[in-house]
Amino acid sequence: MTGSVDLPQKRSLRALWIALALALVAFHIGLVFLGLVPNLVSRPLHLALILPWVFLFGVADRARFVSGAVLSAIGVASALWVAWNHEVLGDQYGFLESRFQVAVGFALLAVVIEAARRAIGWPLPTVAALALLYAFFGQHIPGEFGHSGMPLRSFLGSMTIAEGGIWGSLTAVSVGVVSIFVIFGAVLNAGEAGQGFMNVAAAAAGRLKGGAAKVSVLSSALFGSISGSASANVASTGAITLPAMMRLGYPKRLAAGVEAVASSGGQIMPPLMGAGAFVMVELTGVPYTQIMGAALLPAILYFLAVWVGINAYATRFELKGLDPSQRPQTRDVVVTSMFFLVPFSVLMVGMFAAGYTPQYAACLAIFAGAFLLLIDGKLTFDVNRTADRATQALVTASRQVSMIAAIIFCASIIIGVLGATGLGVKITSVILEGSGGVLWASLLLTAIACLILGMEVPTTAAYVICVSVAGPALMQLGLEPLQAHLFVFWFALLSTITPPVCGAVFIAAGMAGENWIKVALTAMALGVGLYLIPVGMITWPDLIQLPSEPAAAITAFVALALGLSALSFALIGRANILVRTALGLVSVAVLLGPVIV
């Protein structure tokens, strides 16, 4: 489950990247223990540490490397200047007092946008650039979508030297929480935790009918809970589960569809949820533990629907379990499971029993996971292996922290413009008018926007942008904040399996050697819960009330589980049209029952 680290071969460059990785990881862990550090110090230093990883790491093209080096130097110098002068800048209240400061402001915005473009492509940076153009020139737009204009130095200063804009609340989440949990996941993945996930899944489901597919579901649910990336999940667990399924005669489209759907669930499975949980904490003000509790039952419902779908496919194909020779021995299951159970136990005990903050508990779990890098599944110690694992953990953490940070910095520009110009309120008004003030019409418009935006933008970024403009409208129409945010977050994930752009499907189809359209259709049938569970959160609001109303939440869970099971069998199972129609009607009645009543 652990791959080699793609570091430059020259010893000096390798040592440099390891040193930079160590500095990034040490900085973020150190912030948790050092106490209060001024925001205009910690957040610019965060940017300075991630820029070399975005612009320079793994770049082979000379021209791209040179331009990346220049941009990285400009960005790092500008960020360090802000951090060094934070006290003076704090007294300026977001107003740039000189041409030099204006130049630094423009440089920071340009570097942030280009960093996001190099990290994830054009769509999000394009939206950010258009947002800035609107802020600079929107006063020339006639009608309600224009604004009254803003002084350049005030607006630019609020975006680059004040605790808003690129140094705003989203960046605080990236610095203080997301980075810590990403480091935690990288440490676990560098050791035997991934193999532990696979062994537990194989032992629990390997002997069942369709066992190879169910191993994929369980292992992806476990692994995805720390990876938070559908693509990373497919590439890692799929490397083991896809060949196993195809060796047992599973149709390629089914094997790839199962892996794509199961891997997509990692971003809705607590504790990480692809960094979305921590962004949600900042945007809603709801405690992290409450968001974890609210997200748990919907996530289980999702994987349950996939499980039922596999059983339904078993009525059409001979889906064998794993051969006994492919199942792990009990000792291996017990030993390797400790590699993730111990760190997870430290995390849970720290948060729930000791009452530590999530980031403090995660730091303790990181130390536990780092200690376990010393040994392997056979409980042997090897210095070189431990050094390789530590290097992999550091570099992987740095790359992932940097990619997420690049996304969040760029999204912060959009959020800053929406707030400064009032554009967010205007878009909310359009949604309310377009839906006629009807909640379900607004939900449909929001779902379409999430699907379109999520086609080219990572889930977390799509969620942040959509909820910023559509969230207020949904809440005005009666939804609780957490309902609205979870609804948007789930629909931001649709594009992982929904054509025309479906990243998890593309990767799984490529690994299986199957036509991606066939895989996508199979994945959509298996992943029907991804489309309906967000609706269930609206019609059965008790589903996300597990921390406060456990009995009502479990009742809603059981009802929706029955409805989704009926629908999965109706879509996939071998039965006559009357039976399948009846099952479909039952599922719709269960899903919409509380609304109809």
Side-chain angles (χ1 to χ4, degrees), residues 24-25 27-32 34 36-50 79 112 115-116 119-120 124 128 159 162-186 226 228-229 267-268 270-292 294-295 347 351 356-363 366 397-398 400-416 418-419 457-468 471 481-482 485-486 488-489 492:
L24 185 148
V25 170
F27 169 77
H28 289 95
I29 293 177
L31 283 178
V32 177
L34 288 176
L36 293 176
V37 175
N39 292 334
L40 281 183
V41 173
S42 60
R43 298 172 192 178
L45 289 179
H46 179 59
L47 177 63
L49 286 167
I50 66 103
V112 163
I120 58 171
L124 181 63
M159 297 292 289
E163 292 182 19
I166 61 174
W167 313 129
S169 57
L170 280 183
T171 301
V173 178
S174 179
V175 175
V177 186
V178 172
S179 296
I180 295 298
F181 276 85
V182 169
I183 294 168
F184 174 52
I226 61 169
S229 167
Q267 294 189 72
I268 54 176
L272 283 189
M273 298 167 61
F278 309 114
V279 177
M280 209 174 291
V281 168
E282 180 61 36
L283 295 179
T284 63
V286 176
Y288 169 71
T289 50
Q290 187 175 334
I291 287 177
M292 270 210 313
L347 177 66
M351 283 196 299
Y356 298 143
T357 62
Q359 55 266 46
Y360 190 91
C363 282
I366 289 170
S398 297
Q400 292 178 348
V401 166
S402 299
M403 186 190 74
I404 294 172
I407 294 169
I408 288 179
F409 274 117
C410 192
S412 295
I413 293 176
I414 300 169
I415 303 305
L418 291 176
V457 173
T459 303
T460 303
Y463 154 66
V464 168
I465 297 170
C466 283
V467 85
S468 297
L482 195 53
H485 280 256
L486 283 172
V488 173
F489 185 76

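- For E163, the side-chain hydrogen bond (donor to acceptor under 3.5 Å, both in side chains) partners are N39, not counting sequence neighbours.
- Remark: L31 CG to S42 OG distance equals 6.0 Å, nearest 0.5 Å.
- Under the 30°/60° scheme for interplanar angles, the aromatic rings of Y288 and F278 are found to lie parallel.
- Taking 4.5 Å as the limit, every side-chain heavy atom of W167 sits out of range of all side-chain heavy atoms of V175.
- Only one option out of V178, I29, V32 pairs with Q359 in a side chain to side chain contact (heavy atoms under 4.5 Å, CB included); it is V32.
- Among residues two or more places apart in sequence or in another chain, the side chain to side chain contact (heavy atoms under 4.5 Å, CB included) test is passed with S468 by I415, L418, V464.
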Inset, instruction - Could you please spell out the steps behind the side-chain contact (heavy atoms from CB on, under 4.5 Å) verdict for H485 and L283? - result: CA-CA 9 Å; H485 280 256; L283 295 179; 3.6 Å; yes
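- Summarising the geometry, atom OG belonging to S402 is positioned 8.5 Å from atom CG belonging to L49; distances are rounded to the nearest 0.5 Å.
- The heavy-atom pair separating L170 from I408 by the smallest distance is O-CG2, 3.4 Å.
- Residues that satisfy the side chain to side chain contact (heavy atoms under 4.5 Å, CB included) test with A162, not counting sequence neighbours, are absent from this structure.
- One finds the CG atom of L347 at 10.5 Å from the SG atom of C363 (value rounded to the nearest 0.5 Å).
- Counting all heavy atoms, side chain and backbone alike, I414 lies closest to A128 at CG1-CA, 3.7 Å.
- Taking 4.5 Å as the limit, some side-chain heavy atom of L24 sits within range of a side-chain heavy atom of I50.
- Expressed to the nearest 0.5 Å, how far CD1 of I366 lies from CD1 of I180 amounts to 5.0 Å.
- Judged as a ring pair (Phe, Tyr, Trp, His ring centres under 6.0 Å), and not counting sequence neighbours, the contacts of H46 are H28, F409.
- Rounded to the nearest 0.5 Å, atoms CD1 (I413) and CD1 (I166) are 6.5 Å apart.
- Residues passing the side chain to side chain contact (heavy atoms under 4.5 Å, CB included) test with S169 are E282, sequence neighbours excluded.
- Taking CG from L482 and CZ from F489, the interatomic distance works out to 12.0 Å, rounded to the nearest 0.5 Å.
- Pairing each heavy atom of V279 with each of V173, the nearest pair is N-CG1, 3.7 Å.
- Residues passing the ring pair (Phe, Tyr, Trp, His ring centres under 6.0 Å) test with F27: none are found, sequence neighbours excluded.
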Inset, instruction - Test I404 against V182 for side-chain contact (heavy atoms from CB on, under 4.5 Å), laying out the working first. - result: CA-CA 9 Å; I404 294 172; V182 169; 3.6 Å; yes
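- Closest approach of S179 and S174 over heavy atoms only: OG-O, 2.6 Å.
- Heavy-atom contacts from other residues, nucleotides or ligands closer than 6.0 Å to CG of L36 number 12 or fewer.
- Closest of all the heavy-atom pairs between M403 and A119 is CG-CB, 4.2 Å.
- A411 and L124 get closest at one heavy-atom pair: N-CD2, 4.4 Å.
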